[in-house]
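A quick write-up on the structure given underneath.
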Amino acid sequence: SLGNFVTVHDLVKKVDPQIIRFFMATTQYRRPIRYSQENLDEAKNNLEKLKNARENLTYRLKNEDQDADIDAAVITELSDHQMDFLHAMDDDFNVQNGIATVYDLAKQMNVYSEEDHISKATAKDMLETFDKMLAVFGIEFKEEELPDAKVEELIKERDEARAKKDFARSDEIRDQLKEQGIILEDTPHGTRWRR
């Protein structure tokens with residue numbers, strides 16, 4: 001009657017639902033959730049830092065031209081993060097300690113992504129562990145899809161490269177699209193594509 005509340009339906013019109021989920025999931029289930037714009041902003045900033053850490057390492061993984069040996073020290077630290085996270089979750093869903101472990105892993109990922117050369121296997125393990133931990137909180141970072149117009153533009157460029165017998169560029173574009181989950185089918189009537 002005082003109008004001093006906000007419904008989730010109204011909130012999702014203004015705030016990304018993933019931010020709301022993260023905000024709520026990182027509060028221990030026995031404690032009241034202290035809703036405020038300040039706390040929502042903090043959740044948004046923290047989620048953005050986690051997303052950036054993932055994007056930094058994903059970028060290095062996709063663009064690394066050399067493959068270093070598996071980094072045993074990093075894998076050991078990663079294993080420690082996994083155990084810390086499991087202990088926190090087994091301790092009556094201690095989400096504060098659990099999310100602290102996720103933040104520590106994000107820092108490790110940022111440091112590792114700055115290395116001169118990285119092990120692709122190590123980077124994949126880190127990303128997989130990171131994704132599994134965040135999934136416990138209902139958080140999933142999806143890579144943004146290329147707009148259809150951009151896909152068509154790249155296919156046209158690929159067709160032109162093939163006509164000029166520039167097969168290196170043609171293959172490069174095909175691989176780029178494949179990384180985005182786009183499959184090309186060359187037919188007698190032109191190139192077809194699907195996600």
Side-chain angles (χ1 to χ4, degrees), residues 12-19 21-22 44-75 77-78 81-82 102-195:
V12 295
K13 293 175 185 172
K14 302 174 188 172
V15 181
D16 181 346
Q18 186 138 273
I19 293 169
R21 182 180 297 121
F22 184 69
K44 179 182 178 182
N45 291 337
N46 288 335
L47 197 58
E48 193 65 31
K49 288 175 187 174
L50 295 175
K51 185 178 181 183
N52 288 341
R54 189 182 190 287
E55 286 176 353
N56 290 341
L57 191 55
T58 301
Y59 177 81
R60 279 301 304 275
L61 179 62
K62 287 183 177 178
N63 294 284
E64 182 65 19
D65 54 355
Q66 298 183 40
D67 193 4
D69 293 332
I70 290 176
D71 193 324
V74 173
I75 292 295
E77 192 176 347
L78 179 60
H81 289 317
Q82 288 174 303
V102 174
Y103 293 144
D104 288 342
L105 176 54
K107 286 179 193 170
Q108 183 190 16
M109 289 163 61
N110 279 327
V111 169
Y112 194 62
S113 66
E114 294 295 320
E115 295 284 332
D116 289 337
H117 300 291
I118 65 168
S119 158
K120 292 183 179 182
T122 301
K124 284 178 183 175
D125 282 349
M126 293 174 87
L127 288 165
E128 187 176 304
T129 301
F130 186 71
D131 288 346
K132 284 180 180 176
M133 287 181 181
L134 282 176
V136 171
F137 298 97
I139 302 302
E140 181 182 351
F141 294 124
K142 294 182 180 177
E143 293 183 26
E144 293 184 15
E145 290 186 347
L146 278 177
D148 289 358
K150 181 64 177 174
V151 173
E152 297 285 356
E153 184 182 315
L154 285 169
I155 289 173
K156 184 178 176 187
E157 183 182 341
R158 178 176 173 267
D159 289 342
E160 289 169 1
R162 290 176 70 200
K164 295 176 185 172
K165 301 201 183 301
D166 183 357
F167 297 112
R169 178 62 183 146
S170 169
D171 291 345
E172 185 183 329
I173 293 171
R174 177 185 282 274
D175 292 342
Q176 180 185 347
L177 290 170
K178 188 176 180 182
E179 283 177 10
Q180 295 286 330
I182 294 165
I183 307 300
L184 301 183
E185 295 175 6
D186 294 317
T187 73
H189 307 291
T191 304
R192 295 172 52 194
W193 64 276
R194 59 187 165 80
R195 294 188 189 276

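Every pair passing salt bridge (charged side-chain N to carboxylate O under 4.0 Å, His left out) that includes a residue from residues 117-131 is listed here, sequence neighbours excluded: Arg54-Asp131, Glu128-Lys132.
Among residues two or more places apart in sequence or in another chain, the side-chain hydrogen bond (donor to acceptor under 3.5 Å, both in side chains) test is passed with Glu48 by none. For Glu152, the salt bridge (Lys or Arg N to Asp or Glu O under 4.0 Å) test picks out no residue, with sequence neighbours left out.
Remark: Lys44 NZ to Lys51 NZ distance equals 11.0 Å, nearest 0.5 Å. Rounding to the nearest 0.5 angstrom, the gap separating the OG1 atom in Thr191 from the CG atom in Asp159 is 4.0 Å. The distance from atom CG of Leu57 to atom CG of Asn52, rounded to the nearest 0.5 Å, is 12.5 Å. Note that NE2 of His81 and CG of Asp104 are 5.5 Å apart. Values are rounded to the nearest 0.5 Å. Asp171 contributes atom CG, which lies 7.5 Å from atom CZ of Arg158 (distance to the nearest 0.5 angstrom). Within the model, atoms CG of Asn110 and CD of Glu55 stand 11.0 Å from one another, a figure rounded to the nearest 0.5 Å.
Contact detail for Ile70 and Ser119: the closest heavy-atom pair is CA-OG, 3.5 Å. Heavy atoms only, all atoms of each residue included: Leu154 and Ile173 are closest at O-CG2, 3.5 Å. Closest non-hydrogen pair, Leu50 versus Ala106, comes out as CD2-CB, 3.7 Å. Annotation for Ser170 and Arg162: closest pair OG-CG, 3.1 Å, computed over non-hydrogen atoms. In terms of heavy atoms, Glu185 sits closest to Arg194 at OE2-NE, 3.0 Å. Nearest heavy-atom pair across Ala53 and Met109 is O-CE, 3.8 Å.
Counting heavy-atom neighbours within 6.0 Å of Ile183 CD1, excluding the residue itself, gives a total above 12. No more than 12 heavy atoms of other residues, nucleotides or ligands sit less than 6.0 Å from atom CG of Asp69. Applying the 6.0 Å contact sphere to OH of Tyr103 captures more than 12 heavy atoms from other residues, nucleotides or ligands.
Between Glu115 and Arg60 there is no salt bridge, since none of the side-chain N atoms of the basic residue sits less than 4.0 Å from a carboxylate O of the acidic one. With respect to the salt-bridge test (charged N to carboxylate O, under 4.0 angstrom), the residues Arg169 and Glu157 qualify.
Using cut-offs of 30° and 60° on the angle between ring planes, the pair Phe141 and Phe130 is parallel.
Between the Glu64 side chain and the His117 main chain, no donor and acceptor come within less than 3.5 Å of each other. Judged by distance alone, the side chain of Ser113 and the main-chain N or O of Asn56 form no donor-acceptor pair under 3.5 Å.
Using a 4.5 Å heavy-atom threshold, the side chains of Gln176 and Ile182 count as separate. A heavy-atom distance below 4.5 Å is not found between the side chains of Trp193 and Leu177. Looking only at side-chain heavy atoms (C-beta outward), Thr122 and Leu78 stay at 4.5 Å or farther from each other. Counting only heavy atoms from C-beta outward, the side chains of Arg174 and Asp186 approach each other to under 4.5 Å.
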(request) Go through the steps to decide whether Gln18 and Leu47 satisfy the test side-chain contact (heavy atoms from CB on, under 4.5 Å), and finish with yes or no. (result) CA-CA 9 Å; Gln18 186 138 273; Leu47 197 58; 3.8 Å; yes
